[in-house]
Amino acid sequence: MMRRPLIAGNWKMNTNRAEAVALAEGVAKGSGEIKNADLLVCPPAIYLESVGKALTGSSVALGAQNMYAKGNGAFTGETSAAMLSDVGAEFVILGHSERRALMGETDAVVNEKTLAALAAGLTPIVCVGELLEEREAGKTGEVIATQFAGSLAGLSAEQLGKIVIAYEPVWAIGTGKVASPEQAEEVHADLRRLLTESYNGEIADKVRILYGGSVKPSNAAELMSQPNVDGALVGGASLKAEDFLGIAAAI
Ligand code: 13P
């Protein structure tokens, strides 16, 4: 497989500074043992710089959980892509379901952010995923296709080749109810087909598609063995270095 797996930790709004640094040090320390995957941690924005320092000398990459699409200006409380890059972030999670649900982020907003992140040299991890009622109504494919088209509108093939996609079924996030490997693979294969149809096979083969939602060391191997699952976006289990590294070691 030409795609190198990526195991990304989304710490969400957790840790204080000391805990964030200790967690990053733990991940950095164990990262030498991980041969088959790239590692990424995404702490709260306020701790990016401290965590970046704790990761110095390791191969663990640093990412943010959100950004604003505009450059400098009168946008009180917001953080730009250039600011994230300035403190060492290389990745940014965009359109996470919690932001879509709680902060009202639409596909259009996610699209604007994706383009701005790319323009600033950040790698966007663009999240898509269906609600339980959408899955039960047989609408998963339709929902994913709409989010894909809306969130990634206007990207050139070159830009598309630089992004990461995360499939996170909303019903699997923080619930302990992981998607079965078959359920994940079905959507991932669908996303790969959308990439091929909208762009071309060469680009589609390059893009990493991560699965997120209740990933743990005990279920990671089976999920990661699916042909179109190229890594994981991990929430709860990324808050313990041992569990996060255990997921990466399962590949
Ligand atoms: P959990 O791993 O806690 O289910 O969270 C998944 C997630 O939302 C990662 O972005």
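Order of appearance sets the numbers: ligands from 1, and atoms from 1 within every ligand. Just so it is clear, the structure is predicted and the values come from calculations on it, not from any experiment.
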### Query
Mind checking whether Y167 and H188 have parallel, tilted or perpendicular rings, split at 30° and 60°?
perpendicular
### Query
Partners of K12 by side-chain hydrogen bond (donor to acceptor under 3.5 Å, both in side chains), sequence neighbours excluded?
E98
### Query
K216 near ligand 1, heavy-atom distance under 4.0 Å?
no
### Task
Please could you name the atoms of ligand 1 that G213 approaches to less than 4.0 Å, counting only its heavy atoms?
4 (O), 6 (C)
### Message
As an exercise, identify every atom of ligand 1 less than 4.0 angstrom from a heavy atom of H96.
### Response
7 (C), 8 (O), 9 (C), 10 (O)
### Query
For ligand 1, which part of L233 has a heavy atom less than 4.0 Å away: the side chain, the backbone, both, or neither?
both
### Query
Considering only heavy atoms, which of G174, S238, A166 lies nearest to atom 4 (O) of ligand 1?
G174
#### Entry: Note: R193-E197 ion pair, threshold 4.0 Å (strictly below)
yes
### Test log, rule salt bridge (charged side-chain N to carboxylate O under 4.0 Å, His left out), inputs D205 and R192
CA-CA 8 Å; D205 273 350; R192 191 87 56 204; 5.5 Å; no
### Task
Count the heavy atoms of every other residue, nucleotide or ligand shown that sit under 6.0 Å from CD of E182, and state whether that count exceeds 12.
yes
### Query
Hey, looking at atom 7 (C) of ligand 1, which of Q65, E168, E98 has the closest heavy atom?
E168
## Note on the structure
So the atoms of ligand 1 within less than 4.0 Å of a heavy atom of K12 turn out to be 5 (O), 6 (C), 7 (C), 8 (O)
### Message
In this structure, does ligand 1 have an atom that sits under 4.0 Å from one of the heavy atoms of A172?
### Response
yes
### Task
Using side chain to side chain contact (heavy atoms under 4.5 Å, CB included) as the criterion, point out the one residue from V92, T114, L94 that pairs with L122.
V92
Validation: residues 233-241 side-chain donor-acceptor distances under 3.5 Å, sequence neighbours left out:
from : atom 1 : to   : atom 2 : distance (Å)
S238 : OG     : V234 : O      : 3.2
S238 : OG     : G235 : O      : 2.7

### Option whose closest heavy atom lies nearest to atom 6 (C) of ligand 1, chosen from G236, G176, G235
G235
